[in-house]
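One structure below.
Residue numbering restarts at 1 for every chain, and letters A, B, ... go by the order of the sequence lines.
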Protein chains: 2
Amino acid sequence: MTDEAMVPESTAATPVTAHERVYRELKEAILTGHFVPGRSVTLRGIAKMLDVSPTPVREALRRLASERALEVHGNRRVSVPRMTRTKFDDLCAARAALESLAAERAMPRIEAACLERLRQLDAEVDAAIAAADVPRYLRKHREFHFTLYRAGDSGVLMPLIESIWLQFSPFLRWAIHHVGVDYLVDRHAEALHAIERQDVTALRFAIEADVREGLGSLTEAEWRDLAGEDAVVAR
Amino acid sequence: MTDEAMVPESTAATPVTAHERVYRELKEAILTGHFVPGRSVTLRGIAKMLDVSPTPVREALRRLASERALEVHGNRRVSVPRMTRTKFDDLCAARAALESLAAERAMPRIEAACLERLRQLDAEVDAAIAAADVPRYLRKHREFHFTLYRAGDSGVLMPLIESIWLQFSPFLRWAIHHVGVDYLVDRHAEALHAIERQDVTALRFAIEADVREGLGSLTEAEWRDLAGEDAVVAR
DNA sequence: GCCGATCTATTGTGATCACATTCTGCGCCG
DNA sequence: CGGCGCAGAATGTGATCACAATAGATCGGC
């Protein structure tokens, strides 16, 4: 009665430790939108699901809680946080600030192969939108942004950005289901052109526009809609 | 759905759990500069020091590691990360981006009492600089910034900013010891004036200047000095 | 029939133990 | 004198157990 199956396969480098495996699988599940906001996560439930003892699960859960992907209540119960209007605004603002910075840092270090990969991902994002394939869109959209930022090779910026994505991903899945894929805009082409011209200002603008138009374009009515129909939104 | 009515002590500092106590004490020690970069942290060492079992210590250590306050090596050993030139640049840039944003969000919500508290802290910072009292300066400087940002009441921005502070604090202590307190500038008065006039642009500028002049003003020679004399700086 | 108390089951917490891996110090051989 | 190898210590990891607190369910009283 807790959670269902998830995570097809993880061919990561070395998930030798149990807590690392638990952490990665849960993280991937959250980013993919398999965790519904408001759902409570139990220690023994995850433990049995992944066939480990409660000990490594607690470590993984606390780690995710410290990245604000999960939330611990006064009851010590853990759950997937719900979304709030102001929280969402903060997340968008933080995304715009950090990701435009990360893109700026990454731009001069983008090699030809990386640029080609970005073009390919952009095409796959477009294809996913055209096919109205939400999970595929989410995956490719995430991959596009993170391959761009990862080129900057910043051990400081990347964890911060990942934390933000972990916070809005569970909500995003539901928001898209409600407003439909038609609302999805694609500023990636604009970003690619900016990279080709090595235009920092244009790249920052493209990233900020992608953030604000892709996420921050929910109208008041749509917020009410989300708050009313299910418990994804708090209060 | 009717249980949030009475929570007399959940908002207060409740280190009831052992791992929370360990986490807070280690965090405070790191922010105060009691942890030397490069020093390795052992599980049983901390456990014996705080008189708890290794279990809650592991959780606290992993939590701090996920906030990048500590670093886990391939050997599974935990240590205080050393500083790098590029890492430091990233931290400064991220600080400027996030803290100016947090200040902007906080400004309209600063009440008279909060402003008065900020003025008092500014005075105490000046006094600490005049007295060349480094620990006191670090504490008051941190308190000034965090009371300002905390006024914005953003559960999103605060953890991100805290993570950044956890990363440069161990290094800061040593850098100040090397370059001396004379290098410490104080843009806090400028920030206070901006708040009084409710001037967003000026406030952002003051915060960014405080970050760049307070931390980012290390010269090339001073970096070599730090790298040479001890192992605070990596490679 | 509804509200409240009690009882039970579930959950989180943390200490202890056993095991695998790694580091360290010492002696040995070249 | 220096590198190599082995033994002992130290460290991280994770499963199990016992305990406390909480939530859910069941039963009794009004």
Side-chain angles (χ1 to χ4, degrees), chain A residues 1-4 10 12-27 35-36 38-67 69-82 231, chain B residues 1-27 35-36 38-66 69-81 231:
Chain A
M1 60 181 56
T2 38
D3 317 80
E4 60 267 27
S10 99
T14 32
V16 278
T17 66
H19 104 266
E20 186 83 20
R21 185 172 68 90
V22 175
Y23 169 75
R24 291 188 192 176
E25 301 211 10
L26 291 180
K27 182 175 172 181
F35 271 41
V36 183
R39 158 116 118 244
S40 73
V41 177
T42 70
L43 225 99
R44 288 176 171 86
I46 304 286
K48 195 158 59 179
M49 180 192 318
L50 275 68
D51 198 52
V52 289
S53 87
T55 314
V57 176
R58 243 181 18 213
E59 301 172 23
L61 255 51
R62 257 192 243 290
R63 193 168 157 188
L64 288 166
S66 90
E67 299 171 10
L70 297 176
E71 129 185 278
V72 293
H73 302 76
N75 336 337
R76 319 266 169 234
R77 245 84 176 183
V78 179
S79 69
V80 184
R82 299 182 204 273
Chain B
M1 67 196 218
T2 64
D3 52 44
E4 75 278 5
M6 61 282 190
V7 261
E9 42 105 27
S10 77
T11 51
T14 326
V16 279
T17 65
H19 104 266
E20 187 82 20
R21 186 172 67 91
V22 175
Y23 169 75
R24 292 188 191 177
E25 300 211 12
L26 290 180
K27 182 174 173 181
F35 272 41
V36 184
R39 165 151 131 229
S40 73
V41 177
T42 71
L43 241 140
R44 288 177 171 86
I46 305 287
K48 195 159 58 181
M49 180 192 315
L50 277 75
D51 197 52
V52 289
S53 87
T55 314
V57 176
R58 248 187 8 219
E59 300 171 23
L61 255 51
R62 256 192 245 291
R63 192 166 157 190
L64 288 166
S66 91
L70 297 177
E71 133 187 272
V72 293
H73 302 76
N75 336 338
R76 305 288 136 76
R77 242 84 174 183
V78 180
S79 69
V80 184

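Atom CG of A:Leu70 and atom CZ of A:Arg77 lie 15.0 Å apart (nearest 0.5 Å). Considering CD of B:Glu25 and CZ of B:Arg21, their distance stands at 5.5 Å, rounded to 0.5 Å. Summarising the geometry, atom NZ belonging to A:Lys48 is positioned 14.0 Å from atom OG belonging to A:Ser53; distances are rounded to the nearest 0.5 Å.
B:Val52 comes within contact range of the sugar-phosphate backbone alone, with a heavy-atom separation under 4.0 Å but no base atom that close. Across all strands shown, B:Val57 has no heavy atoms under 4.0 Å from either base or sugar-phosphate atoms.
Protein atom CZ of A:Arg62 is 13 Å distant from nucleotide atom C1' of C:dT11, rounded to whole Å. Between B:Arg63 atom CZ and C:dT13 atom P the separation is 11 Å, expressed in whole Å. Per the geometry, NE2 belonging to A:His19 stands 13 Å off P belonging to D:dA15, to the nearest Å. Atom CZ of A:Arg76 and atom C1' of C:dT11 are 13 Å apart (whole Å). Taking atom CD on A:Glu20 and atom P on D:dG12, their separation rounds to 16 Å, with Å as the unit. Here C:dA15 presents its P atom at 10 Å from CD of B:Glu59, a figure rounded to the nearest Å. Between the CG atom of B:Leu50 and the P atom of C:dG14 there is a distance of 13 Å, rounded to whole Å. Whole-Å rounding puts the B:Arg39 CZ to D:dT11 P distance at 13 Å.
Counting atom types as modelled, B:Arg58 pairs a side-chain N or O with a base atom of D:dG14 as donor and acceptor under 3.5 Å.
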message: Could you go through B:Val80 and B:Val36, starting from their C-alpha distance and side-chain angles, then the distance that decides it, and tell me whether this counts as side chain to side chain contact (heavy atoms under 4.5 Å, CB included)?
response: CA-CA 7 Å; B:Val80 184; B:Val36 184; over 6 Å; no

Could you list, one pair per line, each protein nitrogen or oxygen that sits under 3.5 Å from a nitrogen or oxygen of nucleotides 19-21 of chain C, together with the distance?
none

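The side chain of B:Thr55 places no N or O atom within less than 4.0 Å of a non-bridging phosphate oxygen (OP1 or OP2) of C:dG14. Proximity of B:Asn75 to the phosphate of D:dG12: no side-chain N or O atom is located under 4.0 Å from OP1 or OP2.
Judged by distance alone, the side chains of B:Arg63 and B:His19 do bring a donor and an acceptor atom under 3.5 Å apart.
Counting heavy atoms from C-beta on, the side chains of A:Leu26 and A:Val57 never come closer than 4.5 Å. Looking at heavy atoms from C-beta onward, A:Thr17 lies out of side-chain contact with A:Glu59 at the 4.5 angstrom threshold.
Residue-to-nucleotide proximity on DNA chain D shows that, of B:Thr42 and A:Pro56, the 5′-proximal contact is made by B:Thr42.
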